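Read the structure below first, then the notes.
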Amino acid sequence: MRPRCLLLDRDGVINIDSTDYILSVDEWQPIPGSLEAIAQLTHAGVKVAVCTNQSAVGRGMLSEEMLERIHQHMREAVTAAGGQLSGIFFCPHSPEARCNCRKPAPGLIQQALQHLGCAEEAALFIGDSQRDLEAARSAGVEAWLVRTGNGRETEASLDEAMVVYDDLASAAKKLVSGVNRWEPPV
C-alpha cells in the first residue's frame, strides 16, 4: 500500500540546502535523483506536495515574488523530469512570529492535507529535520527522515525509532516497489 499523499520538505529533501538560504532561482539546485523520485511517485498515483518554512521572506531577505519564481522553477524542473507537484505550501514567517504554519507547528501540513483532500492516515511526510518530524507528528501524519540536508545530524540526535533513507530517491524507490511497504499508522 502506498500513501495517497506524500508531503515533502523542500530544502535538504528536494534541493540542496544552504545556511545562507535559497534566495534566487540560480541558487535552487536539485539533489541528484530527487526530481526523478517525484516523477516515479507521480506515475505511481501518489499526490506529491511540498511543505516548507521560508523564513527568509519574514526576515526581509526574500520577496514573495522571488519565492514564487523559485517555486515556479522547481515546478518546471519536476515537470521536465516527468513528475507533478499537487501543491506548494510555505510559511513566510520568521520564527519570532510564533505562527501555526511554521514547522514544527502542524498548520502547514494541515493546510496541505485539506487542499489535497487527504486524510492524515493516508499521508506520509518526508523531511530532513527534527521540526519536520515534529510537525508531522503534531498533524497526525507518519514521517520518514532522509539523510540529505540536515538529515544526518537529525538522525544522530533521534531518541526514537524512525524510518530513515539516504535520500528521497531511495525512499521513493521503496514506496513505489512495495519492498518496504508503507502502512498507515494504527
Side-chain angles (χ1 to χ4, degrees), residues 2-44 46-57 62 64 66-92 101-104 108-109 111-113 115-116 118 123-133 135-136 139 141-155 163-176 182:
R2 291 185 191 100
R4 205 171 131 253
C5 301
L6 179 62
L7 307 178
L8 303 173
D9 179 44
R10 191 190 85 175
D11 301 332
V13 175
I14 299 172
N15 60 274
I16 297 169
D17 201 356
S18 170
T19 56
D20 296 325
Y21 303 95
I22 306 299
L23 302 175
S24 71
V25 170
D26 291 339
E27 292 175 6
W28 189 90
Q29 297 296 318
I31 293 171
S34 67
L35 303 179
E36 295 79 6
I38 294 170
Q40 285 181 323
L41 292 157
T42 300
H43 291 289
V46 178
K47 290 181 182 179
V48 181
V50 177
C51 293
T52 179
N53 287 347
Q54 292 298 317
S55 68
V57 174
L62 177 68
E64 285 201 36
M66 179 54 74
L67 180 61
E68 177 51 38
R69 282 192 230 153
I70 293 167
H71 285 165
Q72 183 58 35
H73 177 71
M74 178 174 62
R75 280 187 204 95
E76 290 168 359
V78 167
T79 300
Q84 179 181 352
L85 293 176
S86 296
I88 300 173
F89 305 89
F90 67 92
C91 171
C101 59
R102 183 174 171 75
K103 296 177 289 180
L108 203 57
I109 293 173
Q111 179 186 359
L113 293 174
H115 176 83
L116 298 171
C118 190
L124 175 65
F125 189 95
I126 297 179
D128 71 321
S129 70
Q130 188 63 42
R131 71 176 163 259
D132 293 330
L133 306 177
V141 172
E142 182 180 355
W144 288 1
L145 180 70
V146 289
R147 292 184 177 109
T148 50
N150 298 308
R152 290 193 188 283
E153 294 83 14
T154 302
E155 183 181 21
V163 176
V164 181
Y165 289 97
D166 283 339
D167 53 22
L168 181 57
S170 60
K173 183 177 179 181
K174 295 296 183 183
L175 285 169
V176 171
W182 174 83

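One-based numbering along the sequence shown. The model shown is predicted, which means the values in this text are computed figures rather than measured ones.
With rounding to the nearest 0.5 Å, the separation of CG in N53 from CG in D9 is 7.5 Å. I88 contributes atom CD1, which lies 10.5 Å from atom CG of L8 (distance to the nearest 0.5 angstrom). Atom OG of S24 and atom CG of L62 lie 9.0 Å apart (nearest 0.5 Å). The distance from atom OG1 of T52 to atom CD1 of I14, rounded to the nearest 0.5 Å, is 8.0 Å. The CG atom of L113 lies 6.5 Å from the SG atom of C5; values are rounded to the nearest 0.5 Å. Here CG of L23 is found 15.5 Å from CH2 of W28. Values are rounded to the nearest 0.5 Å.
Using modelled atom types, one side-chain atom of K47 and one backbone atom of L116 make a donor-acceptor pair closer than 3.5 Å. A donor-acceptor pair under 3.5 Å is formed between the side chain of D128 and the backbone N or O of N150.
Residues A136 and A143 come closest through the heavy atom pair CB-CB, 3.7 Å. Closest approach of G12 and D17 over heavy atoms only: N-CB, 3.8 Å. Of all the heavy atoms in A37 and A172, the pair that sits closest is CB-CB, 3.6 Å. Counting all heavy atoms, side chain and backbone alike, A135 lies closest to I109 at C-CD1, 3.6 Å. For L168 against S34, the heavy-atom pair with the smallest separation is CD2-O, 3.9 Å. The two residues G82 and H43 make their nearest non-hydrogen contact at O-NE2, 2.8 Å.
Looking at heavy atoms from C-beta onward, D166 lies in side-chain contact with R147 at the 4.5 angstrom threshold. Residues C101 and F90 are not in side-chain contact: their nearest non-hydrogen atoms beyond the backbone lie 4.5 Å or more apart. Contact check for D167 versus Y165: no side-chain heavy atoms found under the 4.5 Å cut-off. A heavy-atom distance below 4.5 Å is not found between the side chains of Q130 and P104. Counting only heavy atoms from C-beta outward, the side chains of L7 and L108 never approach each other to under 4.5 Å. Two residues are said to be in side-chain contact when any heavy atoms from C-beta on lie closer than 4.5 Å; N15 and I22 meet this criterion.
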Notebook entry, point to check: Does the side chain to side chain contact (heavy atoms under 4.5 Å, CB included) test come out yes or no for I126 and V13, once each step is laid out?
Noted result: CA-CA 8 Å; I126 297 179; V13 175; 4.3 Å; yes

Notebook entry, point to check: Does the pair Q54 and D11 meet the rule for a side chain to side chain contact (heavy atoms under 4.5 Å, CB included), with working shown?
Noted result: CA-CA 9 Å; Q54 292 298 317; D11 301 332; 3.3 Å; yes

Next item on the list: Using the side chain to side chain contact (heavy atoms under 4.5 Å, CB included) rule, take T154 and L145 through it: C-alpha gap first, then chi angles, then the decisive distance, then the call.
Entry: CA-CA 8 Å; T154 302; L145 180 70; 3.9 Å; yes

Next item on the list: Assess whether side chain to side chain contact (heavy atoms under 4.5 Å, CB included) is satisfied between L85 and M74, documenting all intermediate values.
Entry: CA-CA 9 Å; L85 293 176; M74 178 174 62; 4.1 Å; yes

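Applying side chain to side chain contact (heavy atoms under 4.5 Å, CB included) to Q84 and the options I38, T42, L41, V78 leaves one that passes, T42.
Note on residues 68-81: pairs passing side-chain hydrogen bond (donor to acceptor under 3.5 Å, both in side chains), not counting sequence neighbours, are R10-H71, E65-R69, E68-R75, Q72-R75, Q72-E76.
Taking the six-membered ring where tryptophan is involved, the planes of F89 and H115 are perpendicular, since the angle between them exceeds 60° and thus also 30°.
Shown here are the side chain to side chain donor-acceptor pair (under 3.5 Å) partners of D132, two or more places apart in sequence or in another chain: K103, S129.
Taking the six-membered ring for Trp and the full ring otherwise, the centers of F125 and W144 sit at least 6.0 Å from each other.
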